[in-house]
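Note that the structure is predicted; figures quoted are calculated from it, not measured. Values below: every heavy atom of this structure, side chains too, minus hydrogens, waters and symmetry copies.
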Amino acid sequence: MNNRTCLASLSLARAASGIAGAGLAFLAITSPPEARTASRNKAAVAAKFDAWSAGAGNPFELLTDEASWTIEGNSVASKTYATKEDFLRDVIRPFNTRLSLGIRASVKSITPEGDRVVIHFDARGMAKDGKPYVNTYAWFFRMKRGR
């Protein structure tokens with residue numbers, strides 16, 4: 001290999017690495033659709049929980065009418081509710097009638113991944129009998145178009 005061939009090979013190698021480097025830089029500054037979706041979903045959940053904590057809304061506004069809700073465990077309420085209305089009618093409204101001060105949430109973490117969001121939060125309220133209501137929850141949402 002002569003000097004000219006060697007310089008040409010070196011120039012091609014530099015150009016190729018520059019193109020590859022530029023490609024990597026481009027990939028680093030653009031986020032894939034899944035990451036953007038996760039970010040939007042996290043923001044939607046955070047906004048509803050912020051409003052709920054401020055007394056100006058509730059997280060159930062996130063649910064579509066067709067949303068199903070499953071409560072795990074062994075309580076009377078533990079089952080899958082086929083629609084938003086089933087869940088609100090059978091669980092949330094009866095629960096709220098037992099409170100003198102509504103629930104306020106304190107978010108511990110919100111973890112998004114693609115179309116799923118997990119929110120971990122503490123909830124506090126006051127029952128009509130004067131006893132405090134305190135509980136910790138982890139809710140698992142599968143989101144579609146911000147709901």
Side-chain angles (χ1 to χ4, degrees), residues 8-147:
S9 295
L10 183 58
S11 293
L12 284 174
R14 282 185 182 153
S17 69
I19 291 169
L24 289 175
F26 178 73
L27 289 174
I29 61 171
T30 61
S31 58
E34 184 175 298
R36 289 189 302 272
T37 298
S39 180
R40 280 194 305 269
N41 288 339
K42 179 179 181 178
V45 171
K48 287 298 177 190
F49 271 77
D50 287 347
W52 185 28
S53 295
N58 69 71
F60 307 113
E61 295 168 351
L62 284 166
L63 303 179
T64 64
D65 291 339
E66 304 79 29
S68 65
W69 191 282
T70 301
I71 298 176
E72 298 289 341
N74 299 314
S75 76
V76 177
S78 297
K79 68 177 192 175
T80 297
Y81 298 86
T83 66
K84 174 182 177 178
E85 181 54 32
D86 291 343
F87 177 64
L88 294 176
R89 180 191 63 236
D90 296 346
V91 178
I92 299 305
R93 290 184 195 121
F95 178 79
N96 286 342
T97 63
R98 296 191 306 263
L99 299 174
S100 62
L101 273 177
I103 298 290
R104 294 292 181 261
S106 175
V107 174
K108 295 175 139 200
S109 67
I110 301 176
T111 307
E113 186 174 317
D115 68 345
R116 297 178 188 267
V117 178
V118 177
I119 183 158
H120 184 211
F121 66 98
D122 291 328
R124 295 183 176 277
M126 185 63 67
K128 287 182 178 175
D129 65 4
K131 293 181 181 174
Y133 173 81
V134 179
N135 209 341
T136 297
Y137 293 92
W139 286 356
F140 299 75
F141 292 123
R142 185 171 51 207
M143 309 284 287
K144 189 173 186 179
R145 287 186 235 97
R147 298 186 73 192

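- A ring pair (Phe, Tyr, Trp, His ring centres under 6.0 Å) check over residues 99-124, counting only residues at least two apart or in different chains, returns the pairs Phe49-Phe121, Trp52-Phe121, Phe121-Tyr137, Phe121-Trp139.
- Considering every non-hydrogen atom in both Asp129 and Lys131, the closest pair reads OD1-N, 2.9 Å.
- The CG atom of Asn58 sits 12.0 Å away from atom CD1 of Ile103, with the distance rounded to the nearest 0.5 Å.
- Between Ile110 and Val117, some side-chain heavy-atom pair lies under the 4.5 Å cut-off.
- Inter-residue side-chain proximity for Ile71 and Phe87 is flagged as met; some heavy-atom pair is nearer than 4.5 Å.
- Between Thr37 atom OG1 and Lys42 atom NZ the span is 15.0 Å, to the nearest 0.5 Å.
- Scanning both residues, Ala127 and Ser100, for their nearest heavy atoms gives O-OG, 3.3 Å.
- Within 6.0 Å of CD on Glu61 lie more than 12 heavy atoms contributed by other residues, nucleotides or ligands.
- Atom CZ of Arg93 has more than 12 neighbouring heavy atoms from other residues, nucleotides or ligands inside a 6.0 Å radius.
- Pro112 and Ala38 get closest at one heavy-atom pair: CB-O, 3.3 Å.
- In this structure, Met143 and Val45 have side chains that are in contact, with non-hydrogen atoms separated by less than 4.5 Å.
- The CH2 atom of Trp69 sits 5.5 Å away from atom CG of Leu63, with the distance rounded to the nearest 0.5 Å.
- For the pair Glu66 and Arg147, the salt-bridge criterion is not met [side-chain N within less than 4.0 Å of a carboxylate O].
- Atoms CZ and CG, on Arg116 and Asn41 in that order, are 11.5 Å from each other to the nearest 0.5 Å.
- Atom NZ of residue Lys48 and atom CZ of residue Phe141 lie 11.5 Å apart, to the nearest 0.5 angstrom.
- Using a 4.5 Å cut-off on side-chain heavy atoms (C-beta onward), Asp65 and Glu85 make no contact.
- The one candidate from Leu88, Ile92, Asp90 that meets the side chain to side chain contact (heavy atoms under 4.5 Å, CB included) condition with Tyr81 is Asp90.
- Side-chain atoms of Lys84 never come within 3.5 Å of backbone atoms of Leu62 as a donor-acceptor pair (strictly under, hydrogens ignored).
- Of all heavy-atom pairs spanning Val134 and Arg124, the tightest one is CG2-NH1, 3.3 Å.
- Heavy atoms only, all atoms of each residue included: Ser78 and Asn74 are closest at OG-N, 3.4 Å.
- For Arg142, the CZ atom sits in a loose shell: 12 or fewer heavy atoms of surrounding residues, nucleotides or ligands are nearer than 6.0 Å.
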